[in-house]
Structure formats: structure tokens, C-alpha cells
Amino acid sequence: MQVTVTLVADRDTNSLSSDHIDAARDAAARAGGVPSREIRTLAPGWAAEFPVDGTDAAAIAQALDDTAALNGIDRAAQPSAGRRKKVLVADMDSTMIQIETLDTLAAELGIGDRVAEITARSMAGELDFVESLRARVALLKGYPAREAMAIVMDKVVHTPGAERAVKTMAAHGAHCALVSGGFTFTTSVVHAELGFQDHAANTLDIAPDGSFTGLLTGRIVGRPTKLEILTELCGKQGVGLDGGAAIGDGANDLDMLMAAGLGIGFHPKPIVRSQARFRIEHTDMTALAFYQGYGQEDFAI
């Protein structure tokens, strides 16, 4: 089996150099592989890749992790065949955008500390996600909804590289869905801005007087739902789960991350970092495209 090693640097702090590439080639050789001398530059000073023959991806990934010279460099080792995925399911909060929607909403209502503590425990895997979601939403009961939600939308900041990665995948035939344990008032806007074709999230119930009821309506989107949607979309695209990509940061993303062919922990919480096969820890969302072999010339924007 041929494996491709991809290296991605943060150009602002740690431009990708020949030393990084040599260190990665040496690591692949220590893992029993035969690294090619042919290096493909995906973006100068930013990302590059090379093929390796003769060993498996897991062994190379471990050797790369053990190489001090690659500290600060994001990397992936994966089978060369089928790297470009036909489906993307992405988390939203702290992944595609740089805020936690519910925490931000609660902060605007003056109950931020109470909600944020529950959120942190949930994302760390200490609490069941759906139970913690209901508990946090219950704290909103009686507070005015519309103005607070509008303020949250004003605070939404897209993750650098997110639009580039999503629109590039979509332009090359992937079906991209934003699937969040957050709320539809955010995903309905963010998914279109970033280039996703679909979105799914939870819906906050609002009373006739414009206040939150403290309840959710409709389908609850939690950890199992994300895997269900990934599976459904892969089926529609005619590929197995190995033909799908998933990306997220928290414990409620783990099922889809572990099932997808390319499951990426994005600046992950510790529980995700310890389990995700692929990670983006030092660079921006463009690495999602680089890991699939898209070069700068392939970018949609």
C-alpha cells in the first residue's frame, strides 16, 4: 500500500522548509517505509506532500508524531488512493466559526458562567451531550430571544481557511453539510456563507411574547445524529464511510470522526486529540483541503 504524507505549516510563524520535509522522510523510513524523493509542493512555504511505499499509515503517523523537528507542523499520513472525499460533515462552533454559540448567547443574557461550565464539561466528554444541551437551554427560559440572537450573529467570526476548504471541496464534487449541536438561527446563515450545501442543527423554541421557553423543537442534533448524517450522505454519494471527511473539536464529534475516512480533530479538546486519527492543531482550516491533495492551484477562492 502506498501512503501519502502531507505537511502543513503556519506560514506566519513557521514556514515549511526542506528541513521539515527531510525530517518527515526520515521518520517514514524509520517506520519501515521507502519515501519518494519526489516532493509535490501544494503551496510554497505552506504545504507539501510525498508518497511512501512499504509500510502502513498508522506506523508512519506515529513516527511523525515522535519527530521533534516537526513540532508546530500539522501532518497527515494516509493511503494515497481515495484521498479526495466525496462528503464533508463539519461541526460549527469552535470549528467552522470561532465562537461557541450557546455560550455567547448566554453571556449576552448575563448567565454566561453557568452555561459555559456545562459546555466545557460536555465538550470534554464528562456529560452526555443531549442532556447537557437541554440543561443549558433550560437556563434561557424567560429571557428575550430576538435581540440576543442578533447580537450573537454579529459576533460570529469564520475560522480562517474555512470558506476556502469548503468551497474547494464543493467545487470538486463533494457534498458538504454543516451539522451542529448548536442552533439553526446560526447554521442557516453560516452554511451558505461558507459554501455548504446543507445544514442541520437544533431549534430554540420561542414563546409568542418573544422570550425563550427553555425548550427545543424538532429533531435533536447530537453526537449520534452527526454520524447518521455522514452515513446518509455517503450513501447518497455512492461511497462508503471511507469516502467521507468529518471535522470537529469536541467529544460530541467523536463518532463521526472515528467513522470517516478522513476524521479530523480541529484544534481538538484533549479527549478528541487522544482519539482522532488526524488533527489540525497549528494551522488553519486550509489543511482540510491540503490533506486531500488539493494544491493552491485547485482552490475555489
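Side chains included, hydrogens not; waters and symmetry mates left out as well; all remaining heavy atoms used.
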Engineer: With Val130, which residues qualify under side chain to side chain contact (heavy atoms under 4.5 Å, CB included), at least two apart?
Structural biologist: Asp128, Arg134, Ile220
Engineer: Thr55 versus Val3: any side-chain heavy-atom pair under 4.5 Å?
Structural biologist: no
Engineer: Going by the rule side-chain hydrogen bond (donor to acceptor under 3.5 Å, both in side chains), which residues pair with Arg273 if we only count those two or more places apart in sequence or in a different chain?
Structural biologist: Glu281
Engineer: Does atom CD (Glu297) have a neighbourhood of more than 12 heavy atoms from anything else shown, all under 6.0 Å?
Structural biologist: yes
Engineer: Surrounding CZ of Arg114 (heavy atoms of other residues, nucleotides or ligands, distance under 6.0 Å), is the total greater than 12?
Structural biologist: no
Engineer: Under 3.5 Å, is there a donor-acceptor pair between the side chain of Ser211 and the main chain of Ala207?
Structural biologist: no
Engineer: Is Lys86 atom NZ crowded by more than 12 heavy atoms from other residues, nucleotides or ligands, each under 6.0 Å away?
Structural biologist: no
Engineer: Under a 3.5 Å cutoff, is there a donor and acceptor pairing between the side chains of Thr283 and Arg11?
Structural biologist: no
Engineer: Which residues pass the side-chain hydrogen bond (donor to acceptor under 3.5 Å, both in side chains) test with Glu163, not counting sequence neighbours?
Structural biologist: Lys167
Engineer: Could you report the tightest heavy-atom contact between Ala61 and Ala77, atom names first, then the distance?
Structural biologist: N-CB, 4.0 Å
Engineer: For Gln275, which residues count as a side chain to side chain contact (heavy atoms under 4.5 Å, CB included) partner, sequence neighbours excluded?
Structural biologist: Leu254, Met258, Ile271
Engineer: Quick check: closest heavy atoms across Gly293 and Asp298, and the distance to 0.1 Å?
Structural biologist: O-OD2, 4.1 Å
Engineer: Side chain to side chain donor-acceptor pair (under 3.5 Å) between Arg25 and Ser36: does it pass, once the steps are laid out?
Structural biologist: CA-CA 8 Å; Arg25 292 182 73 253; Ser36 172; over 6 Å; no
Engineer: Distance-only, no hydrogens or angles: does the Arg279 side chain make a donor-acceptor pair with backbone N or O of Arg277 under 3.5 Å?
Structural biologist: no
Engineer: Can you get from Val87 to Ile264 by hopping between Ile, Leu, Val, Met, Phe, Trp and Tyr side chains that sit under 4.5 Å apart?
Structural biologist: no
Engineer: For residues Thr203 and Thr184, report the shortest heavy-atom separation together with the two atoms involved.
Structural biologist: OG1-OG1, 3.4 Å
Engineer: Could you grab the distance from atom CZ of Phe183 to atom CG of Asp93, nearest 0.5 Å is fine?
Structural biologist: 8.5 Å
Engineer: Heavy-atom distance under 4.5 Å between the side chains of Arg83 and Glu49, does that happen here?
Structural biologist: yes
Engineer: Once ring-ring contact (aromatic ring centres under 6.0 Å, His included) is applied, what residue pairs with a partner in residues 35-74 remain, sequence neighbours excluded?
Structural biologist: Trp46-Phe290
Engineer: Kindly state each residue pair satisfying ring-ring contact (aromatic ring centres under 6.0 Å, His included) with at least one member in residues 129-182, sequence neighbours excluded.
Structural biologist: His172-Tyr294
Engineer: Using a strict threshold of under 4.0 Å (side-chain N to carboxylate O), is an ion pair present between Lys226 and Asp91?
Structural biologist: yes
Engineer: In this structure, would Tyr291 and Met96 fall into the same cluster of hydrophobic residues linked by side-chain contacts under 4.5 Å?
Structural biologist: yes
Engineer: Any side-chain heavy atom of Leu204 within less than 4.5 Å of one from Leu216?
Structural biologist: yes
Engineer: State whether the side chain of Gln292 and the backbone N or O of Leu288 hold a donor-acceptor pair below 3.5 Å, judged by distance alone.
Structural biologist: yes
Engineer: Find out whether Arg219 and Thr225 are in side-chain contact, i.e. whether some heavy atom of one side chain is under 4.5 Å from a heavy atom of the other.
Structural biologist: yes
Engineer: Could you tell me whether a side-chain N or O of Thr213 sits under 3.5 Å from a main-chain N or O of Leu215, the two making a donor and an acceptor?
Structural biologist: yes
Engineer: Could you grab the distance from atom NE2 of His199 to atom OG1 of Thr186, nearest 0.5 Å is fine?
Structural biologist: 10.5 Å
Engineer: For Glu100 and Ser94, run side chain to side chain donor-acceptor pair (under 3.5 Å): C-alpha distance rounded to whole Å, both residues' side-chain angles, the deciding distance at 0.1 Å, then the answer.
Structural biologist: CA-CA 6 Å; Glu100 286 288 334; Ser94 298; 2.8 Å; yes
Engineer: Check the pair Asp284 / Thr286 against side chain to side chain donor-acceptor pair (under 3.5 Å), numbers first and verdict last.
Structural biologist: CA-CA 5 Å; Asp284 70 23; Thr286 310; 2.8 Å; yes
Engineer: So which heavy atom on Cys176 is nearest to which on Ala170, and how close?
Structural biologist: SG-N, 4.1 Å
Engineer: Do Val137 and Asp205 have side chains that get closer than 4.5 Å, going by heavy atoms?
Structural biologist: no
Engineer: Between Ala28 and Pro35, which heavy-atom pair has the shortest distance, and what is it?
Structural biologist: CB-CB, 4.4 Å
Engineer: Around Asp209, counting heavy atoms of other residues, nucleotides and ligands shown, do more than 12 lie under 6.0 Å from its CG?
Structural biologist: yes
Engineer: For the residue pair Val272 and Gly265, what are the closest heavy atoms and their distance?
Structural biologist: CG1-CA, 3.9 Å
Engineer: Side chains of Ser132 and Arg121: is there a donor and an acceptor less than 3.5 Å apart?
Structural biologist: no
Engineer: Considering the options Ile280, Leu257, Thr95, which one meets the side chain to side chain contact (heavy atoms under 4.5 Å, CB included) requirement together with Asp249?
Structural biologist: Thr95
Engineer: Report yes if the side chains of Leu7 and Asp74 come closer than 4.5 Å at any heavy-atom pair, otherwise no.
Structural biologist: no
Engineer: Out of curiosity, does Ile97 fall in the hydrophobic cluster containing Phe196 (side-chain heavy atoms, cut-off under 4.5 Å, transitive links)?
Structural biologist: yes
Engineer: Would you say that more than 12 heavy atoms from the other residues, nucleotides or ligands in this model lie under 6.0 Å from the CD of Glu147, or not?
Structural biologist: no
Engineer: Measure the spacing between CE of Met256 and CD of Glu228 and express it to the nearest 0.5 Å.
Structural biologist: 12.5 Å
Engineer: Is the shortest side-chain heavy-atom distance between Pro44 and Gln296 below 4.5 Å?
Structural biologist: yes
Engineer: As an exercise, state the distance from NE2 of His191 to OG of Ser180, rounded to the nearest 0.5 Å.
Structural biologist: 13.0 Å
Engineer: Contact between His20 and Asn14 at the side-chain level, heavy atoms closer than 4.5 Å - yes or no?
Structural biologist: yes
